[in-house]
Participant: 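Could you have a look at this structure, given as structure tokens, before my questions?
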Amino acid sequence: MEKHQAVHSRKKALTGLSLLALSAFAITGCDQQTKPTENTEQAKSISTLTTQVSYKDRSMLRPGSQLIVTLSDVSKMDVKADIITQEVIDITQAPPFTVELTYDASKVNDKHRYSLSARIINKDKVLYTSTTNNDPFRESQLTGPYKIELSKVSVEKPDVTLTNTYWKAITINAQTVNVRTKEPFIQFDKDYRVNGFLGCNNFSGSYSTEQHTITLSQLASTKKMCSENMDQEAAMSNVLNNTSKWEITGESLKLKNNSGNTLATFNAVYFN
């Protein structure tokens with residue numbers, strides 16, 4: 001009798017363990033079936049908005065420029081727009097620029113207003129920006145990416161300093177400088193030394209300034225003979241010998257004679 005009860009107890013224990021194992025398997029199986037479904041639903045809500053950004057003028061961007069394209073919810077008035085997605089890319093080529101924006105489509109509400117904007121920056125300074133309202137969910141385009149045209153930001157440039165600036169010659173005696181191999185230029189060091197290139201020969205010397213008057217002295221140049229640009233070189237030498245005033249506006253320099261007449265104009269050049 002006792003032996004029969006022991007066998008019966010073992011059978012009940014084994015049955016209980018089997019039911020627990022089956023329940024655990026069922027729960028695990030349910031979890032495994034739920035996760036792919038959730039991932040699939042998330043994948044379905046992810047969409048891509050292809051944008052093409054350009055600007056009309058043919059200006060070359062300085063190294064380090066970046067393009068920022070932003071999709072925002074602008075439904076709320078008098079508050080900062082909610083950014084849905086944003087892409088920042090380094091600009092390494094000429095426009096147009098194609099940018100893929102990935103966003104969660106489940107967060108887009110048909111009753112809300114949206115804005116697709118773009119801007120080009122360089123060292124935190126805005127160079128170009130979009131000026132029109134672009135709502136990609138209300139405006140339909142037949143084919144291709146959503147196009148955004150940027151406008152150049154008009155910024156008044158501060159005056160460049162006379163010293164430690166590479167001044168490229170633009171005009172001499174109101175005539176456009178003709179560059180064959182190397183451009184005429186002039187540089188004023190902070191130690192009151194001046195040097196540059198006349199068109200065929202290099203030159204150096206000293207200078208002194210007081211407010212907007214300037215005197216160049218002890219000018220000397222190399223004696224190389226060139227088959228071209230000798231007239232331009234002579235004109236550049238004459239400018240240096242007759243300069244008594246200077247004027248800088250933004251990134252442009254004018255050298256003038258004692259009467260205030262412009263002898264030559266120069267533009268600042270950057271190498272980085």
Side-chain angles (χ1 to χ4, degrees), residues 55-65 120 122-123 125-128 151-272:
Y55 54 85
K56 284 186 177 180
D57 67 85
R58 298 183 180 180
S59 301
M60 295 298 293
L61 298 172
R62 291 185 183 180
S65 296
I120 295 175
N122 187 286
K123 296 180 179 179
K125 292 184 179 180
V126 180
L127 306 180
Y128 293 83
S151 299
K152 192 170 187 177
V153 176
S154 178
V155 179
E156 186 176 346
K157 296 179 180 179
D159 293 344
V160 178
T161 59
L162 176 68
T163 58
N164 297 329
T165 299
Y166 180 100
W167 293 107
K168 171 186 175 180
I170 303 300
T171 65
I172 299 175
N173 297 327
Q175 300 295 317
T176 302
V177 170
N178 183 21
V179 179
R180 296 296 179 88
T181 56
K182 184 180 177 180
E183 62 199 17
F185 72 90
I186 188 170
Q187 287 179 299
F188 300 92
D189 295 338
K190 63 179 181 179
D191 298 326
Y192 298 101
R193 297 292 301 171
V194 61
N195 68 89
F197 182 67
L198 298 171
C200 176
N201 289 280
N202 297 317
F203 75 92
S204 61
S206 303
Y207 75 95
S208 60
T209 61
E210 184 176 349
Q211 294 184 345
H212 285 281
T213 63
I214 186 169
T215 301
L216 284 76
S217 58
Q218 299 178 340
L219 296 176
S221 66
T222 55
K223 302 300 181 182
K224 180 182 177 181
M225 292 298 297
C226 300
S227 59
E228 299 177 336
N229 281 357
M230 292 307 294
D231 291 342
Q232 187 167 268
E233 169 149 331
M236 181 72 169
S237 297
N238 188 58
V239 167
L240 299 180
N241 290 325
N242 289 280
T243 292
S244 59
K245 297 180 180 180
W246 62 278
E247 177 185 305
I248 291 177
T249 304
E251 297 181 333
S252 298
L253 166 68
K254 291 181 180 180
L255 295 182
K256 302 181 178 182
N257 60 18
N258 193 46
S259 301
N261 298 320
T262 300
L263 302 175
T265 62
F266 302 79
N267 282 349
V269 176
Y270 304 95
F271 295 99
N272 53 15

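For clarity, every value in this text was computed on a predicted model and none was experimentally measured.
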Participant: Tell me, please, which residues at least two apart from Thr262 pass side-chain contact (heavy atoms from CB on, under 4.5 Å).
Facilitator: Lys254, Lys256, Thr265
Participant: Kindly give the heavy-atom pair with the smallest separation between Gly250 and Asp159, and that separation in Å.
Facilitator: N-OD1, 2.7 Å
Participant: Name all residues meeting the side chain to side chain donor-acceptor pair (under 3.5 Å) criterion together with Ser65; count only those two or more places apart in sequence or in a different chain, and write none if there are none.
Facilitator: Asn122
Participant: Measuring from atom OG of Ser208 to atom CD1 of Ile214, what distance do you get when rounded to the nearest 0.5 angstrom?
Facilitator: 7.5 Å
Participant: Working to the nearest 0.5 angstrom, can you tell me the gap between Lys245 NZ and Leu255 CG?
Facilitator: 13.0 Å
Participant: May I ask you to decide if Gly199's main-chain N or O and Gln232's side chain share a donor-acceptor pair within less than 3.5 Å?
Facilitator: no
Participant: Find the distance between CG (Asn195) and CZ (Phe203) and round it off to the nearest 0.5 Å.
Facilitator: 6.5 Å
Participant: Glu228: which residues meet the side chain to side chain donor-acceptor pair (under 3.5 Å) condition with it, sequence neighbours left out?
Facilitator: Arg180
Participant: With sequence neighbours left out, write down each residue that passes ring-ring contact (aromatic ring centres under 6.0 Å, His included) with Phe188, or none if nothing qualifies.
Facilitator: Tyr207
Participant: Does anything in residues 189-214 form a salt bridge (Lys or Arg N to Asp or Glu O under 4.0 Å)? List the pairs, not counting sequence neighbours.
Facilitator: none
Participant: Check Gly205 against Leu219 and note the closest heavy-atom contact, atom names and distance.
Facilitator: CA-CD2, 4.0 Å
Participant: What residues, two or more places apart in sequence or in another chain, satisfy side-chain contact (heavy atoms from CB on, under 4.5 Å) together with Thr176?
Facilitator: none
Participant: More than 12 heavy atoms of other residues, nucleotides or ligands under 6.0 Å from CG of Asp231: is that the case?
Facilitator: no
Participant: Is there a donor in the side chain of Ser252 and an acceptor in the side chain of Asn267, or the other way round, less than 3.5 Å apart?
Facilitator: yes
Participant: Output every pair passing salt bridge (Lys or Arg N to Asp or Glu O under 4.0 Å) with a member in residues 163-178, not counting sequence neighbours, ordered by first then second residue.
Facilitator: Lys168-Glu183
Participant: Strictly by ring-ring contact (aromatic ring centres under 6.0 Å, His included), give each pair with a member in residues 209-256 just once, sequence neighbours left out.
Facilitator: His212-Trp246
Participant: Taking salt bridge (charged side-chain N to carboxylate O under 4.0 Å, His left out) as the definition, give me every residue that meets it alongside Lys223, ordered by chain and number, with sequence neighbours left out.
Facilitator: none
Participant: Could you give the distance from CD1 (Ile186) to CG (Leu216), rounded to the nearest 0.5 Å?
Facilitator: 5.5 Å
Participant: Can you name the residues that form a side-chain contact (heavy atoms from CB on, under 4.5 Å) with Lys182, not counting sequence neighbours?
Facilitator: Phe185, Phe197, Asn202
Participant: Who pairs with Tyr55 by ring-ring contact (aromatic ring centres under 6.0 Å, His included), at least two apart in sequence or on another chain?
Facilitator: Tyr128
Participant: Within the side chain of Asn257, is there an N or O that forms a donor-acceptor pair under 3.5 Å with the backbone of Ser259?
Facilitator: yes
Participant: Can you name the nearest heavy-atom pair linking Pro184 to Val179, along with the distance?
Facilitator: CD-CG2, 4.5 Å
Participant: Once rounded to the nearest 0.5 Å, what's the spacing between atom OG1 of Thr243 and atom CG of Asn258?
Facilitator: 11.0 Å
Participant: Less than 3.5 Å apart, which donor and acceptor atoms pair up between the side chains of residues 233-242 and the rest of the protein, not counting sequence neighbours?
Facilitator:
| unit_1 | atom_1 | unit_2 | atom_2 | d |
| --- | --- | --- | --- | --- |
| Glu233 | OE1 | Cys200 | N | 2.5 |
| Glu233 | OE1 | Asn201 | N | 2.9 |
| Glu233 | OE2 | Asn201 | ND2 | 2.9 |
| Ser237 | OG | Glu233 | O | 3.1 |
| Asn238 | OD1 | Asn242 | ND2 | 2.9 |
| Asn241 | ND2 | Ser237 | O | 3.1 |
| Asn242 | ND2 | Asn238 | O | 2.7 |

Participant: Does any N or O in the side chain of Thr161 come within less than 3.5 Å of the main-chain N or O of Thr163, such that one atom is a donor and the other an acceptor?
Facilitator: yes
